[in-house]
2 protein chains.
Amino acid sequence: MFAEGCPSSAVPIRIGEKWAGMVLVCLADGPRRFSELKVPLRGVTPKVLTETLRALERDGMITRTAYDEMPPRVEYALTDLGRSLFAMMHACREWAEANLPDVLAAREAYLDAQAEARTRDAG
Amino acid sequence: MFAEGCPSSAVPIRIGEKWAGMVLVCLADGPRRFSELKVPLRGVTPKVLTETLRALERDGMITRTAYDEMPPRVEYALTDLGRSLFAMMHACREWAEANLPDVLAAREAYLDAQAEARTRDAG
DNA sequence: CTGCATCCCGTGGGATACTG
DNA sequence: CAGTATCCCACGGGATGCAG
């Protein structure tokens, strides 16, 4: 169980990566340029955006097309694999939204239980 | 898009957390004790396992039941919410396994393209 | 415009030792 | 047995500045 070579350990996409998912969303309905991605992704620095794009490109989720022009123009687009991943993530997102209320309720209950425990200790 | 209060940002579960997913797997077919979790999760330290379990408990994914005995006994079990998340993660895992070959191929192609670019620059 | 270089920092996660 | 207490480090990610 959970051995070294386990395929689950090799799970390719780190949807934990802070911006990867948002990039997929931004590319969902068509190719976008580097600067077009920076707009909706408020707060992302060029360095981090580049890293994210490189990782997605490396894993075959997006393509990078550089046009030899001045000023430079580069377009990023989803591959079939990327679209497949996007669909997967969409399902995850729907799960999250559907269950968010329960999670929030659980957190509140947890906090309350803690507070009660503290009261009991103090009293 | 991607505003502050966006529910997607509040996505409750960090499946990126290194051990959280494995814990769910370990609890999938019944409650387990702390020490019973440490066995399959080779390499996890008690501190980190505790942190992971606390986070899952806080979010309502698992329950923690402490029996007042000597020696101490504590059992962790999935909640309905946890089982739901487990099912979600199972789907993610199946996607990953199904698409792993493609990702690996993409990585190799990416490396080859890089090597070729270097050769071109040098020559 | 599209990045790369550099520096920096918080935090997730690990090692080790100790306790009720 | 089931943790807690400390210490520590790598690394993801951010800020800033520069270059082709």
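Lettering of chains follows the sequences in order, A, B, ..., and the numbering in each one begins at 1.
Of the side-chain N and O atoms in R32(B), none sit less than 4.0 angstrom from OP1 or OP2 of dA2(D). Note on R64(A): every side-chain N or O is 4.0 Å or more away from OP1 and OP2 of dT2(C). One finds no side-chain N or O of T50(A) lying less than 4.0 angstrom from the OP1 or OP2 phosphate oxygen of dT2(C). Distances shown here put every side-chain N or O of R73(B) at or beyond 4.0 Å from the OP1 or OP2 atom of dG3(D). Taking side-chain N and O atoms only, R33(A) has a distance below 4.0 Å to OP1 or OP2 of dT2(C).
Taking atom CH2 of residue W19(A) and atom P of nucleotide dG3(C), one finds them 17 Å apart after rounding to whole Å. Atom CG of L53(A) is separated from atom P of dC1(C) by 16 Å (rounded to the nearest Å). In this structure, the NZ atom of K38(B) is 10 Å from the P atom of dG3(D), given to the nearest Å.
Which of dC7(C), dG3(C), dA2(D) sits closest to the side chain of R54(A) comes down to dG3(C). The side chain of F34(A) lies closest to dG3(C), out of dG3(C), dG3(D), dC1(C). For T45(A), the side-chain atoms get nearest to dG14(D) when compared with the rest of dG3(D), dT16(C), dG14(D). Side-chain proximity of S35(A) to the nucleotides dA15(C), dG13(D), dT2(C) is greatest for dT2(C).
When heavy atoms are screened at a 4.0 angstrom cut-off, Y76(B) is found touching the sugar-phosphate backbone but no base atom.
Both the sub-6.0 Å distance and the 45° axial angle are not jointly satisfied by R32(A) relative to the ring of Y76(A).
Residues E51(B) and M70(B) each lie close to DNA chain C; by heavy-atom proximity, the contact nearer the 5' end of the strand is made by E51(B).
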Let's go through K38(B) and E36(B) carefully: what are the C-alpha distance in whole Å and the side-chain angles of both, what is the deciding distance for salt bridge (charged side-chain N to carboxylate O under 4.0 Å, His left out) to 0.1 Å, and is it a yes or a no?
CA-CA 6 Å; K38(B) 278 198 295 188; E36(B) 290 174 328; over 6 Å; no
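Judged by distance alone, with hydrogens and angles left aside, K18(B) brings no side-chain donor or acceptor close enough to the base of dG12(C) to form a pair under 3.5 Å.
Side chain of T79(A) to main chain of M61(A): a donor-acceptor pair is present (N/O by atom type, distance under 3.5 Å, no hydrogens or angles). Between the side chain of S84(B) and the backbone N or O of D80(B), no donor-acceptor pair lies under 3.5 Å.
Counting non-hydrogen atoms of neighbouring residues, nucleotides and ligands closer than 6.0 angstrom, the CD atom of Q114(A) exceeds 12 such neighbours.
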